[in-house]
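Take a look at the structure set out below.
Remember, predicted model here, so these are calculated numbers, not experimental data. The chains referred to below are lettered A, B, ... by the order of the sequence lines, with proteins before strands, and numbering in each begins at 1.
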Number of protein chains: 2
Amino acid sequence: MAKQVSERADVLPLLGEVFREHGYEGASLARITAATGLGKGSLYHFFPGGKEEMAAAVLAEIDGWFEREIYAPLRDGADPAAAIDHMFAACDAYFRSGRRVCLVGAFALADTRDRFAVALRDYFAAWVAALAAALQRLGRTEIDAHAAAEAVVGAVQGAIVLARALGDTAVFTRLLGEARAAVTALV
Amino acid sequence: MAKQVSERADVLPLLGEVFREHGYEGASLARITAATGLGKGSLYHFFPGGKEEMAAAVLAEIDGWFEREIYAPLRDGADPAAAIDHMFAACDAYFRSGRRVCLVGAFALADTRDRFAVALRDYFAAWVAALAAALQRLGRTEIDAHAAAEAVVGAVQGAIVLARALGDTAVFTRLLGEARAAVTALV
DNA sequence: GTCTATAAAGCGATAGAC
DNA sequence: GTCTATCGCTTTATAGAC
């Protein structure tokens with residue numbers, strides 16, 4: 001389990017997995033130490049602000065990943081339709097067909113909502129805006145594109161909840177497939 | 001804040017609100033005491049199994065409420081279409097347009113998922129099955145009805161996540177309205 | 001930069017008086 | 001049935017050696 005890590009950026013993915021699996025409150029320093037192989041001394045050296053700074057750093061890293069991998073192609077990519085297809089494929093891979101929780105969504109349902117309010121709002125607002133931009137580039141009206149984008153992002157989050165509660169990854173794939181069909185049907 | 005309560009059933013709604021606001025781990029006995037007005041002695045008198053029994057009792061009460069108010073009319077009510085309309089209206093009221101979390105959905109995203117796995121699975125399975133039954137009674141095929149029911153239940157959960165993260169109840173109402181329109185369009 | 005030791009507080013749960 | 005006092009454990013965070 002112990003890993004040799006010497007850069008703050010290398011710890012973030014491991015940290016993210018602990019927060020995803022146990023939530024903010026359940027991610028005790030003992031579990032974080034076990035998952036990263038870093039003692040408290042090292043952790044507080046990298047994150048002087050303690051657990052709150054660790055979670056904030058993880059959220060920032062997640063936001064950066066989605067911006068790079070998903071939002072940017074939707075907004076600025078040469079082929080909006082291909083960017084939308086890529087988004088659905090990337091979501092299935094990233095959330096492991098619903099086995100892996102969306103940390104931002106999980107934080108939104110827990111009492112971490114207030115503490116990280118800005119990060120949560122920005123994450124979903126950016127996602128909806130990027131997808132709406134792609135749909136507009138495909139000819140949808142601004143209002144229609146925004147509504148459709150909201151529905152898709154909501155469907156992804158709902159699919160994660162359902163798949164985890166039912167213990168069934170097929171429902172995740174099914175719901176994402178329907179969302180994809182609905183949003184690409186009219187363009 | 002302190003209330004005079006003398007029956008176990010009277011405590012459950014207050015308990016539920018504490019779990020909803022703070023999650024399972026965040027719902028400390030101190031907070032539960034503050035919300036219910038009951039000391040630890042009384043709480044362990046009503047719930048000898050401690051916090052786990054409290055949460056299980058809350059989940060059971062929630063399941064009973066949905067069964068009575070939503071599932072039964074969908075399954076057995078005289079007017080399936082009216083039962084579906086009632087479901088959407090009841091959801092908007094129950095979840096306060098996304099201000100109030102679905103405890104079952106929140107538990108599914110947290111590490112409470114394994115501990116209460118059966119209750120979570122049953123809640124969503126019953127919801128999907130009841131809605132699918134209503135749609136079948138309206139003439140949809142079994143497969144089509146089941147898929148549509150999954151999409152609606154997922155949309156409700158996704159709408160809660162989005163509304164809470166964006167701090168915007170309008171998105172909840174909007175998404176539920178679209179889900180309702182989509183599911184009632186073809187019947 | 002990483003460790004151990006420890007502080008200070010909060011946790012769930014129990015015991016026993018009333 | 002409700003209370004207070006308390007146990008034993010875990011928590012986050014800090015201090016200081018190396």
Side-chain angles (χ1 to χ4, degrees), chain A residues 1-59 103 106-107 110-116, chain B residues 1-59 61 103 106-107 110-116 119:
Chain A
M1 185 67 85
K3 288 195 176 189
Q4 276 305 93
V5 186
S6 46
E7 287 210 45
R8 187 183 133 126
D10 298 332
V11 199
L12 291 180
L14 300 169
L15 267 177
E17 228 49 53
V18 180
F19 283 120
R20 259 182 279 265
E21 281 171 30
H22 302 285
Y24 183 77
E25 314 216 37
S28 68
L29 292 194
R31 277 176 174 146
I32 293 174
T33 289
T36 61
L38 263 62
K40 299 184 187 181
S42 304
L43 288 171
Y44 275 90
H45 171 72
F46 287 127
F47 308 96
K51 239 174 83 165
E52 180 154 355
E53 188 177 338
M54 299 182 207
V58 168
L59 288 175
L103 187 62
F107 273 19
D111 65 345
T112 33
R113 191 200 104 156
D114 296 329
R115 185 178 249 150
F116 302 106
Chain B
M1 185 64 87
K3 287 194 176 188
Q4 277 304 94
V5 186
S6 47
E7 287 210 47
R8 186 183 134 123
D10 298 332
V11 200
L12 291 180
L14 300 169
L15 267 178
E17 229 49 53
V18 179
F19 282 120
R20 260 183 277 266
E21 280 171 31
H22 301 286
Y24 183 76
E25 314 217 37
S28 69
L29 292 192
R31 277 176 173 146
I32 293 174
T33 288
T36 61
L38 263 61
K40 299 184 187 181
S42 305
L43 287 171
Y44 276 90
H45 172 73
F46 286 128
F47 308 96
K51 240 175 83 166
E52 180 153 355
E53 187 176 339
M54 299 183 207
V58 168
L59 287 175
E61 196 227 11
L103 188 61
F107 273 18
D111 64 347
T112 33
R113 191 200 105 157
D114 297 329
R115 185 178 249 149
F116 303 106

Using the side-chain heavy atoms of [X], tell me which of these nucleotides is nearest: [options].
X       : options               : result
A:Phe46 : D:dA13, C:dG12, C:dT2 : C:dT2
A:Lys40 : D:dT14, C:dG12, C:dC3 : D:dT14
B:Tyr44 : D:dT11, C:dT14, D:dT2 : C:dT14
A:Lys51 : D:dT12, D:dT2, C:dT2  : D:dT12

query: So how far is it from B:Thr112 OG1 to B:Tyr24 OH, rounded to the nearest 0.5 Å?
result: 9.0 Å

Send over the distance from [X] [atom1] to [N] [atom2], rounded to a whole Å.
X       : N      : atom1 : atom2 : result
A:Ile32 : D:dT11 : CD1   : C1'   : 12 Å
B:His22 : C:dC11 : NE2   : P     : 11 Å
B:Leu38 : D:dT2  : CG    : C1'   : 8 Å
A:Arg31 : D:dT11 : CZ    : P     : 7 Å
A:Glu25 : D:dT11 : CD    : C1'   : 11 Å
A:Leu29 : D:dT14 : CG    : C1'   : 12 Å
A:Asp10 : C:dG1  : CG    : P     : 13 Å
A:Leu43 : C:dT2  : CG    : P     : 9 Å

query: Would you say A:Phe46 and A:Met54 make side-chain contact, with heavy atoms under 4.5 Å?
result: no

- prompt: Going by the angle between their ring planes, with limits at 30° and 60°, are B:Phe107 and B:Phe116 parallel, tilted or perpendicular?
  reply: parallel

query: Which is true for A:Gly41 with a 4.0 Å heavy-atom rule: it touches a base, it touches only sugar-phosphate, or it touches nothing?
result: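 Answer is base: heavy atoms of A:Gly41 come under 4.0 Å of a base.
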
- prompt: Between B:His45 and A:Tyr24, which has a closest nucleotide on DNA chain D that is more 5'?
  reply: B:His45

query: Among B:Leu15, B:Leu38, B:Leu14, whose side-chain contact (heavy atoms from CB on, under 4.5 Å) with B:Ile32 holds?
result: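 Result for side-chain contact (heavy atoms from CB on, under 4.5 Å) with B:Ile32: B:Leu15.
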
- prompt: Quick one: do B:Glu61 and B:Arg8 make a salt bridge, cutoff under 4.0 Å?
  reply: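 No salt bridge links B:Glu61 with B:Arg8.
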
query: Does B:Ser42 have a side-chain nitrogen or oxygen under 4.0 Å from the phosphate oxygens OP1 or OP2 of D:dC3?
result: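 For D:dC3, OP1 or OP2 has a side-chain N or O of B:Ser42 closer than 4.0 Å.
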
